[in-house]
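Because only heavy atoms are used, hydrogens play no part in the values below, and waters and symmetry mates are left out as well, while side chains stay in. Fair warning: this is a prediction, and the values are worked out from it, not measured in the lab.
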Amino acid sequence: MSRIPLPTPDTMTDDQKRVYEKIVSGPRGRLVGPLRAALHSPELAERWQALGALLRFGTSLAPRVSELAIVVTARRWNSQIEWHIHAQAARAAGISDAVLDAIRARETPVFDNPDDAVVYEFARQIQETGEVDPDLYAQAVARWDAVGVVELTAVIGYYTMVSMTLNAHEIPMPDDAPPPLDTPRQAGAPVLSRLAPLTGSQP
């Protein structure tokens with residue numbers, strides 16, 4: 001159960017309903033995840049949904065790139081809903097079950113596609129160290145140009161905000177789905193997941 005009440009069509013104000021209609025009539029098709037909490041501030045929710053729609057559906061990046069970056073972010077933050085939704089989307093975009101299973105288990109994924117390895121390691125490094133290795137950054141620019149690297153970084157940052165919102169307010173899983181991720185603990189307290197770095201020829 002959420003820590004805060006979540007607006008429903010029956011309880012929404014006129015401003016909340018206006019934003020809600022914009023969300024459900026767009027590419028998402030329904031209201032799930034962090035926007036359920038963000039609707040408490042309709043102005044925030046309106047800008048949030050526009051930025052989210054752009055970063056998920058409107059960048060120069062292929063869905064395979066974006067969705068892989070999102071699942072790495074979801075695993076880093078132990079974000080149950082984010083993983084539940086975006087693992088399905090990543091699979092549909094061509095990411096293999098073996099790769100998704102390895103990321104979920106915090107084990108080293110083996111990539112057949114070198115671009116996937118760059119995405120994984122870029123997302124892992126920026127979230128675990130706050131920086132990206134210069135050689136890796138250059139590889140990303142060579143693949144997706146400056147605009148793509150800017151968008152990739154924005155996707156990771158946006159879905160970090162999504163993860164924090166979902167976790168802070170304990171937004172419930174959609175469709176009564178079971179939580180797909182374990183949450184590591186240290187000294188009895190939950191901690192962020194450490195993802196396995198790639199070595200050797202990856203990327």
Side-chain angles (χ1 to χ4, degrees), residues 32-34 51-52 54-144 148-168 171 173 177 179-184 190-203:
V32 296
L51 177 61
L54 172 64
L55 290 174
R56 186 174 182 190
F57 304 109
T59 72
S60 65
L61 302 171
R64 182 184 186 109
V65 172
S66 297
E67 295 298 337
L68 178 56
I70 294 167
V71 295
V72 173
T73 305
R75 177 67 273 192
R76 170 63 172 160
W77 285 89
N78 309 313
S79 181
Q80 306 290 352
I81 297 176
E82 190 167 299
W83 180 275
H84 173 72
I85 292 172
H86 290 280
Q88 297 177 52
R91 189 176 296 110
I95 302 300
S96 71
D97 285 336
V99 165
L100 291 171
D101 289 345
I103 296 172
R104 184 174 58 212
R106 300 186 299 280
E107 298 172 351
T108 304
V110 177
F111 294 105
D112 295 327
N113 184 328
D115 287 0
D116 294 346
V118 172
V119 173
Y120 171 87
E121 191 62 9
F122 190 104
R124 186 197 70 80
Q125 287 186 18
I126 192 63
Q127 294 185 82
E128 292 197 2
T129 72
E131 299 179 0
V132 177
D133 176 83
D135 290 341
L136 178 65
Y137 189 91
Q139 290 180 59
V141 172
R143 285 165 167 81
W144 300 295
V149 179
V150 168
E151 291 170 340
L152 176 61
T153 307
V155 167
I156 296 164
Y158 171 79
Y159 280 94
T160 294
M161 179 175 70
V162 168
S163 295
M164 293 171 73
T165 301
L166 293 169
N167 291 353
I171 306 299
M173 293 287 292
L181 302 175
D182 69 304
T183 299
V191 295
L192 299 182
S193 286
R194 294 295 303 272
L195 297 168
L198 299 184
T199 58
S201 60
Q202 296 190 66

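For the pair Ile156 and Ile126, the minimum side-chain heavy-atom distance is below 4.5 Å. Side chains of Tyr120 and Ile95 form no contact here, defined as non-hydrogen atoms less than 4.5 Å apart. Within the 4.5 Å cutoff, the side chain of Leu68 has heavy atoms near those of the Val71 side chain. Counting heavy atoms from C-beta outward, Ser66 and Thr59 have side chains that approach closer than 4.5 Å. Looking at Pro34 and Glu82, their side chains never come closer than 4.5 Å, going by heavy atoms from C-beta outward. With a 4.5 Å cut-off on side-chain heavy atoms, Ser193 and Asp182 do not count as touching. Counting heavy atoms from C-beta outward, Trp144 and Asp115 have side chains that approach closer than 4.5 Å. Looking only at side-chain heavy atoms (C-beta outward), Ser79 and Asn167 come within less than 4.5 Å of each other.
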* Asked: Between Thr73 and Tyr158, does a side chain to side chain contact (heavy atoms under 4.5 Å, CB included) hold up when you go through it step by step?
  -> CA-CA 10 Å; Thr73 305; Tyr158 171 79; over 6 Å; no
* Evaluation steps, side chain to side chain contact (heavy atoms under 4.5 Å, CB included), between Gln80 and Thr183 -> CA-CA 9 Å; Gln80 306 290 352; Thr183 299; 4.1 Å; yes
* Asked: Can you check side chain to side chain contact (heavy atoms under 4.5 Å, CB included) on Ile85 and Val32, steps first, answer last?
  -> CA-CA 10 Å; Ile85 292 172; Val32 296; 3.9 Å; yes
* To do: Start with the C-alpha gap between Phe111 and Leu198, add the side-chain angles, then the distance that decides, and say whether side chain to side chain contact (heavy atoms under 4.5 Å, CB included) holds.
  => CA-CA 10 Å; Phe111 294 105; Leu198 299 184; 4.0 Å; yes
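The CG atom of Leu166 sits 15.0 Å away from the CH2 atom of Trp83 when rounded to the nearest 0.5 Å. For the atom pair CG of Leu181 and CH2 of Trp77, the computed distance is 14.5 Å after rounding to the nearest 0.5 Å. Rounding to the nearest 0.5 Å places CZ of Arg143 at 13.5 Å from CG of Leu61.
Across Ile81 and Gly33, no two heavy atoms sit closer than the pair CG2-CA, 4.4 Å. The minimum heavy-atom distance linking Asn78 with Pro184 is given by the pair OD1-CD, 3.5 Å. Summarising the geometry of Ala90 relative to Leu100, their closest heavy-atom pair is CB-CD2, 4.1 Å, with the distance given to 0.1 Å. Val72 and Ala123 get closest at one heavy-atom pair: CG1-CB, 3.7 Å. Shortest non-hydrogen contact noted between Arg104 and Asp101 is NH2-OD1, 2.8 Å. Of all the heavy atoms in Ala74 and Ser163, the pair that sits closest is CA-OG, 4.4 Å.
Here the side chain of Glu128 pairs no donor or acceptor atom with the backbone of Arg124 at under 3.5 angstrom. Between the side chain of Arg106 and the backbone N or O of Leu195, no donor-acceptor pair lies under 3.5 Å.
Open room surrounds CE on Met164; 12 or fewer heavy atoms of other groups in view lie less than 6.0 Å from it.
Note: Tyr159 and His86 have perpendicular aromatic rings, judged against thresholds of 30 and 60 degrees for the angle between ring planes.
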